[in-house]
Amino acid sequence: MFANISQSCIQYDCPHYFPGDIVTGAIVLHFEKDLRASRLKISWRGDVLATHIRGDNGEHHKSFSYFSDHTIAWRAENGLNKLPAGHHRFPFSFQLPEKLLPSYSPKPPATGYVRYFVGVKIVRPMRINYFVRKNFLVAKQSELPSYSSFDRMPPPNYEE
């Protein structure tokens with residue numbers, strides 16, 4: 001573990017989310033003693049990587065982020081630059097865009113992925129910053145029939 005940080009984790013309130021959902025959870029940290037830091041930043045992002053192999057030309061990679069944002073969950077006050085020792089919980093929530101591909105992480109040798117994650121960064125002046133991230137799953141919204149399509153269905157025939 002990192003200096004003074006005995007526990008850290010990112011917890012999600014649900015095992016998976018759908019496009020348009022609000023992702024909720026918390027960053028949980030425990031420090032044995034005060035930690036020199038100026039701020040704690042929580043970020044979230046969705047990344048896509050596609051690899052195309054063209055004969056003799058080799059591999060061509062194309063990557064981009066679907067979305068990316070952040071919030072400052074804690075900032076040092078009065079220039080003290082110390083996050084006090086003890087147990088800390090920083091809740092987060094953000095809304096996913098309505099149009100997203102489902103998560104996809106194939107096993108090698110397949111190429112490409114679609115990944116979504118939350119990360120936490122503790123910015124430490126004149127020291128190495130602390131960073132950890134954890135992926136979350138975006139599931140495909142299944143197409144369910146609407147009530148109007150049931151109205152057009154013929155009634156069941158129970159006669160034999």
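With ring centers used as reference points, Tyr113 lies 6.0 Å or more from Tyr104. Taking the six-membered ring wherever Trp is involved, the centroid distance between the rings of Phe92 and Phe90 does not fall below 6.0 Å. Aromatic ring centres of Phe31 and His88 lie closer together than 6.0 Å.
Tracing side-chain contacts under 4.5 Å through hydrophobic residues (I, L, V, M, F, W, Y), one never reaches Leu29 starting from Val123; they form parts of separate clusters. In the hydrophobic clustering of ILVMFWY residues, with side-chain heavy atoms under 4.5 Å counting as a link, Ile27 and Tyr12 come out together. Following chains of ILVMFWY side-chain contacts shorter than 4.5 Å, one cannot reach Ile72 starting from Phe131, and the two form parts of different hydrophobic clusters. Leu40 and Phe117 are assigned to two separate hydrophobic clusters, defined by single-linkage of ILVMFWY side chains at heavy-atom distances under 4.5 Å.
Remark: side-chain polar atoms of Asn129 are paired, donor with acceptor, to backbone N or O of Arg124 under 3.5 angstrom. Lys134 places a side-chain N or O within donor-acceptor distance of the main-chain N or O of Ile10, the cut-off being under 3.5 Å. Side-chain N or O atoms of Tyr17 include one that pairs as donor or acceptor with a backbone N or O of Thr24 at under 3.5 Å.
Shown here for Pro91 and Ile42, the closest heavy-atom pair between the two residues is O-CD1, 4.4 Å. Nearest heavy atom pair, residue Glu32 against residue Ala85, reads O-CB, 3.8 Å. Between Asn81 and Pro125, the shortest heavy-atom contact is ND2-CG, 3.9 Å. When all heavy atoms of Leu137 and Pro15 are compared, the pair lying nearest together is CB-O, 4.0 Å. Among all heavy-atom pairs drawn from Val118 and Phe94, the shortest one is CG2-CE2, 3.7 Å. Shown here for Ser105 and Arg115, the closest heavy-atom pair between the two residues is OG-NE, 3.6 Å.
Tyr66 has its side chain out of reach of Val138: every pair of non-hydrogen atoms, C-beta onward, lies at least 4.5 Å apart. At least one side-chain heavy atom of Arg133 sits less than 4.5 Å from a side-chain heavy atom of Arg45. The shortest side-chain heavy-atom distance between Ser103 and Val114 does not fall under the 4.5 Å cut-off. Counting only heavy atoms from C-beta outward, the side chains of Glu98 and Pro19 never approach each other to under 4.5 Å.
Apart from Val28 itself, the hydrophobic cluster it occupies contains nothing, where clustering links Ile, Leu, Val, Met, Phe, Trp and Tyr at side-chain heavy-atom distances under 4.5 Å.
The OG atom of Ser38 sits 14.0 Å away from atom NZ of Lys82, with the distance rounded to the nearest 0.5 Å. Taking NZ of Lys121 as the start and NE2 of His70 as the end, the distance is 10.0 Å to the nearest 0.5 Å.
Using the six-membered ring where Trp is involved, His16 and Phe18 have ring planes that are perpendicular, over 60° apart on the 30 and 60° scheme. Between Tyr116 and Phe67, the ring planes are parallel. Angles under 30° get that label, and only those over 60° would be called perpendicular.
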inquiry  = side-chain contact (heavy atoms from CB on, under 4.5 Å) for Ser8 and Tyr130? Distances and angles first, verdict last.
reply    = CA-CA 11 Å; Ser8 71; Tyr130 175 76; 2.4 Å; yes
query = Checking side chain to side chain donor-acceptor pair (under 3.5 Å) for the pair Ser65/Asp47: CA distance, chi angles, key distance, verdict?
reply = CA-CA 4 Å; Ser65 290; Asp47 291 339; 2.8 Å; yes
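With respect to the salt-bridge test (charged N to carboxylate O, under 4.0 angstrom), the residues Asp34 and Arg36 do not qualify.
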